[in-house]
Amino acid sequence: MSRYNVRENEDKWRAAWTERAAFAVTEDSARPKYYVLEMFPYPSGRLHVGHVRNYTMGDVLARYKRARGFNVLHPMGWDAFGLPAENAAIASKVHPATWTYENIAVMRDQLRRMGIAYDWNREIATCHPEYYRHEQKMFLDFLQAGLAYRKESWVNWDPVENTVLANEQVIDGRGWRSGAAVERRRLSQWFFKITEFADDLLAAIKTLDRWPERVRLMQENWIGRSEGARFRFELAGRDDGVEVYSTRPDTLFGASFVAVSPNHPLAEEAARKDPAVAAFIQECSRLGTSEAVIEAAEKLGCDTGLKAIHPFDSSWELPVYVANFVLMEYGTGAIFGCPSGDQRDLDFARKYGLPIIPVVLPPGEDPASFAIGEEAYTGPGTLYNSRFLDGFEVTEAKRRAIAELERLGCGSGEVQFRLRDWGVSRQRYWGCPIPIIHCESCGTVPVPEADLPVRLPEDVSFDKPGNPLDHHPTWKHVACPSCGRPARRETDTFDTFVESSWYFLRFCSARDDHAFDRKAVDYWMPVDQYIGGVEHAVLHLLYSRFFMRALSRCGYADMAEPFAGLFTQGMVCHETYQDPEGKWLFPEEIRRADGGAVVTVEGERPVSVGRSEKMSKSKKNVVGLEAIVEGFGADTARLFLLSDSPPERDLEWTDGGAEGVWRFINRVWRLVTEPSVALPPAGTARPERIDPAADGVLRLVHKTIHAVTDDLEGFRFNKAVARIRELVNGLGELDPAAEGAGWVLRRGCEAAAQLLAPMTPHLSEALWKELGHDPLLVDTPWPEADAALLVDDMVTLAVQVNGKLRGTLDMPRDADRGLIEKAALDLPAVLRAAEGKPPRKVVVVPNRIVNVVV
RNA sequence: GCCCCUGUGGCGGAAUGGUAGACGCGGCAGACUCAAAAUCUGUUGUCCGCAAGGGCGUGUUGGUUCGAGUCCGACCAGGGGCACCA
């Protein structure tokens with residue numbers, strides 16, 4: 001019995017593709033183009049199976065489309081700037097650049113071994129000055145176009161590390177590494193004006209019909225368009241007021257307080273006079289900037305002592321609170337509270353004993369008895385207790401309330417977006433320097449284009465807390481390009497999302513002197529199929545959509561949407577293991593003992609098995625790619641990652657499953673190398689006579705070609721694999737004595753090799769050669785199914801009595817309705833189930849089912 | 001708190017409103033073997049039954065329909081997102 005030699009074959013066929021330069025492409029107007037892109041990885045150290053799942057899906061598509069005659073662009077690169085490199089620098093004294101480039105070398109090698117069909121000539125690393133210099137130029141152009149600007153904003157500040165923290169780095173109000181209490185601080189930072197395109201970014205989501213529904217929904221929520229009113233409450237005894245934004249101006253007569261954000265100027269003013277307010281604001285700053293945390297926290301407030309005057313009734317005064325649930329970043333940073341119509345306001349009013357005035361009467365309720373209980377009423381209804389708004393529906397009341405505010409001159413209707421401008425400044429070393437010089441007399445001066453790129457200095461130290469660029473002895477000291485006097489470089493670097501917002505354009509002409517060649521971009525863009533994790537559903541994808549618009553406005557391109565099709569794949573998960581002390585264990589540190597109990601390999605101590613979770617280093621539930629590829633080969637890993645779960649769902653890695661795939665690969669190998677009946681030479685014409693038994697198998701071959709093609713088009717890789725397995729099972733059961741069996745078996749084996757090719761390219765190439773074909777399979781067109789062989793002459797109908805299955809009926813396809821009814825009614829099982837009762841009705845669905853109703 | 005998704009055998013999962021459990025993993029039985037591994041064959045939702053056959057089954061619970069895993073309502077459970085991780 002022969003065994004498929006993985007090592008030899010995988011090396012051999014990869015070398016053959018490389019020698020052919022099979023996947024290097026150029027623009028070719030004669031052929032339809034197809035741009036397949038997987039989200040490029042951060043070079044974290046080594047490839048894990050999650051990456052491989054992502055890239056395998058892209059490769060399946062790239063190889064499939066290539067076989068269908070498309071000119072396929074399938075590039076790969078590295079999202080190489082980022083925090084982990086700096087953390088590594090702090091932890092192990094290795095320079096971020098060294099660490100990054102070493103990781104890239106390891107991961108590139110791993111990717112090559114997986115046999116993914118990339119055009120490696122287009123490889124890019126975003127930390128390379130040849131990449132980021134174009135980004136600096138774009139920034140200058142955005143600045144010119146008014147799409148980039150500088151302003152103050154709030155951040156989470158770690159006073160020990162002297163650094164800004166991400167929300168996820170704030171744990172219970174403390175810095176993740178230092179443990180120091182986090183402060184909210186104002187910092188002057190650079191922003192991209194994404195809100196400029198808010199309406200268009202929202203409206204165009206409708207055109208992205210090849211994006212997953214949930215991603216579109218997430219983006220819609222993120223942009224968060226709302227219609228409401230911005231208006232002013234005068235403050236009693238002062239000549240200023242407080243401006244609020246509300247989506248429910250119709251409920252103004254239910255108002256019982258005004259609340260401002262802890263960062264609102266009025267709050268700061270109150271804090272200066274009242275230590276209690278100051279202490280409260282201090283307390284709020286501990287919550288951090290995350291909306292989820294703020295919204296979930298108990299609604300707390302602190303009375304400022306100020307009184308706001310109701311815009312519709314100057315004798316009506318409302319208390320002004322500082323409240324922890326009011327966000328400075330949204331609207332005006334101030335609201336009015338209507339407890340009967342908003343849950344947060346209701347909680348707040350209950351806590352502080354404020355009036356609760358119902359103003360919207362739900363349909364069918366009696367105004368005399370309707371009362372607000374535990375829940376605020378936010379649904380539709382009719383206004384009451386609301387003077388001139390009484391009797392109007394909510395929508396109409398909103399319109400009238402706004403009209404009245406406008407008449408009074410204290411406000412107007414306004415559309416608000418939840419979307420805020422994109423803050424791109426990071427107080428970090430390992431990122432793209434922002435090409436700006438700060439001069440005391442000239443202000444912020446752009447670095448002249450001729451001086452680009454602004455390169456990162458290499459001699460930096462990570463001994464001190466804070467930004468290494470800031471405490472570098474010389475780097476930031478430069479002459480002002482405008483006046484020549486001593487000035488200081490911007491020491492912030494870009495958010496790494498900036499690099500990933502245009503890398504797909506760079507791939508179109510990766511070695512061009514400009515950011516990209518317009519002709520190449522016009523040919524290849526948009527990306528036809530983008531594949532990546534759903535974790536990027538909002539930010540990366542929205543930023544890229546913004547960049548495409550911003551670059552188009554600056555004359556770089558002429559396109560709004562960079563990604564025509566998007567697919568978000570699930571994560572790869574694995575069981576977790578802990579020893580008796582609760583320490584996490586790697587899968588290879590455990591084994592299953594004879595009784596089925598799980599024990600440690602060392603010392604046989606009992607292991608508790610946890611549920612399957614996303615593979616992560618911290619829980620050690622990771623499987624090494626090397627071990628799999630060494631043992632079973634790249635094709636096994638690829639096929640397993642495609643076969644067990646639908647691609648959009650999480651996949652559980654199991655050793656058993658991978659072994660099953662390995663068995664299957666060997667079964668296919670033996671099917672071809674040790675056929676049950678001698679195969680005629682390649683290209684032999686179809687024999688005159690084919691036995692009905694063999695004809696059934698031939699039909700299976702064509703049905704499989706048809707179904708697998710359809711499944712690949714629809715991203716149903718797991719089903720495609722299942723169908724190919726059915727084909728292989730069917731070929732294994734072919735009667736070798738049947739007339740025409742050899743020819744049918746050849747057709748079947750060829751189809752199996754071709755259909756498997758996008759998934760197991762090495763194996764398929766080897767099978768193709770075994771089957772006597774000389775040209776590479778990679779240069780062979782996709783097989784076509786013969787439509788005549790897709791439909792059977794006989795069909796099996798299910799027969800039900802009152803909806804319950806009682807038997808089946810084999811009938812010719814499209815048989816006469818009366819014939820079917822009669823045959824069904826004569827079935828013994830039907831007679832038995834009907835218990836002698838006459839049929840009241842017989843439902844016949846052609847070629848599918850008969851339902852006898854008695 | 002707000003928004004969203006998912007619940008089907010021991011497990012991963014199939015199923016245009018039409019034969020629930022394809023395909024695989026695991027289990028059980030057998031063949032080959034001195035033995036094991038590898039491989040192959042059969043079997044495998046559950047309950048009753050010697051069998052033929054039948055009852056029950058897609059988180060719970062109502063509804064629509066000749067017919068519901070699929071559509072609609074309520075509930076329960078698990079998961080995800082909510083602006084400096086990438």
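Letters A, B, ... are given to chains in the order of the sequence lines, protein chains preceding strands, and every chain is numbered from 1.
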Backbone of A:L202 reached by a side-chain donor or acceptor of A:E220 within 3.5 Å: no
In Å and rounded to the nearest 0.5 Å, what is the CD1 to CG distance from A:I724 to A:L756? 4.0 Å
Between A:K299 and A:Q189, whichever has its closest RNA chain B nucleotide further toward 5' is A:K299
I want to know whether A:F325 and A:F348 have ring centres closer than 6.0 Å. yes
A:T195 OG1 to A:W422 CH2 distance, which is reported to the nearest 0.5 Å: 13.0 Å
Using whole Å, report how far CE of A:M218 lies from P of B:C4. 12 Å
C1' spacing across the pair B:U65 / B:C72, given as an integer number of angstrom: 12 Å
In whole Å, what separates the C1' atom of B:A37 from that of B:U46? 35 Å
Under 4.0 Å, heavy atoms only, any strand: does A:D347 hit a base, just the sugar-phosphate, or nothing? nothing
Mind checking A:W222 for me? I need base, sugar-phosphate or nothing, with any heavy atom below 4.0 Å counting as a touch. base
For B:G45, the nucleotide meeting Watson-Crick or G-U wobble distances (both under 3.5 Å) is B:C56
Between B:U41 and B:A51, how far apart are the two C1' atoms, rounded to whole Å? 25 Å
Under 4.0 angstrom, heavy atoms only, what part of the nucleic acid is A:L419 near: base, sugar-phosphate, or nothing? base
A:P646 has its side chain closest, among B:G18, B:U19, B:G13, to B:G13
Whole-Å distance separating the NE2 atom of A:H536 from the P atom of B:G80: 17 Å
Quickly work out the A:Y503 OH to B:A86 P distance and round it to whole Å. 15 Å
When rounded to whole Å, the CZ to C1' distance for the pair A:R848 and B:A20 reads 14 Å
When the P atoms of B:G10 and B:U64 are compared, how many Å lie between them, rounded to an integer? 32 Å
Under 4.0 Å between a side-chain nitrogen and a carboxylate oxygen: does that hold for A:D342 and A:R248? no
Assign each of A:K719 and A:Q343 to its nearest nucleotide of RNA chain B by heavy atoms, then name whichever residue's nucleotide is nearer the 5' end. A:Q343
Atom-to-atom span, CD1 of A:I849 to C1' of B:G17 - whole angstrom: 10 Å
Just to be sure I understand the rule, does A:H540 reach a base, reach only the sugar-phosphate, or reach nothing, if contact means heavy atoms closer than 4.0 Å? nothing
Base, sugar-phosphate, or nothing: which does A:R716 touch, judged by heavy atoms less than 4.0 Å apart? nothing
Any base atoms under 4.0 Å from A:R725, or only sugar-phosphate, or nothing? Heavy atoms, all strands. sugar-phosphate
Using the glycosidic torsion, which applies to B:G9: syn (within 90° of 0) or anti (everything else)? syn
Applying a 4.0 Å non-hydrogen cut-off, can you work out what A:N802 is touching in the nucleic acid: base, sugar-phosphate, or nothing? nothing
Which part of the nucleic acid does A:Q800 contact within heavy-atom distance under 4.0 Å: base, sugar-phosphate only, or nothing? base
Touch check for A:R418, heavy atoms < 4.0 angstrom, all strands: base, sugar-phosphate only, or nothing? base
Base-pairing mate for B:C71 - Watson-Crick or G-U, with both contacts under 3.5 Å: B:G63
At 4.0 Å (heavy atoms only), tell me whether A:R840 reaches a base, stays on the sugar-phosphate, or touches nothing. nothing
Choosing from B:A20, B:G13, B:C56, which nucleotide comes nearest the side chain of A:R649? B:G13
Heavy atoms under 4.0 Å, any strand shown: does A:F325 hit a base, just sugar-phosphate, or nothing? nothing
For residues A:Y131 and A:W502, establish whether the separation of their ring centroids is below 6.0 Å. yes
Distance in angstrom units between A:Y4 OH and B:A38 P, rounded: 21 Å
Roughly, in whole Å, what's the span from CZ in A:F664 to P in B:G12? 22 Å
Any base atoms under 4.0 Å from A:T796, or only sugar-phosphate, or nothing? Heavy atoms, all strands. base
B:G79 and B:U19: how far apart are their C1' atoms, nearest whole angstrom? 34 Å
Pick base, sugar-phosphate or nothing for A:N221, based on heavy-atom distances below 4.0 Å to the nucleic acid. sugar-phosphate
Can you confirm if the aromatic rings of A:Y530 and A:F504 lie within a centre distance of less than 6.0 Å? no
Determine whether the aromatic ring centres of residues A:F640 and A:W653 are separated by less than 6.0 angstrom. yes
So what does A:V843 hit on the nucleic acid, given a heavy-atom distance under 4.0 Å: a base, only sugar-phosphate, or nothing? base
Rounded distance (Å) that lies between atom P of B:C23 and atom CG of A:L639: 16 Å
Rounding to the closest angstrom, what is the interatomic distance between B:C34 and B:C25 at atom C1'? 32 Å
I'd like the P distance from B:G57 over to B:A20, given in whole Å. 13 Å
Write down the distance separating the P atoms in B:U16 and B:C32, rounded off to the nearest Å. 44 Å
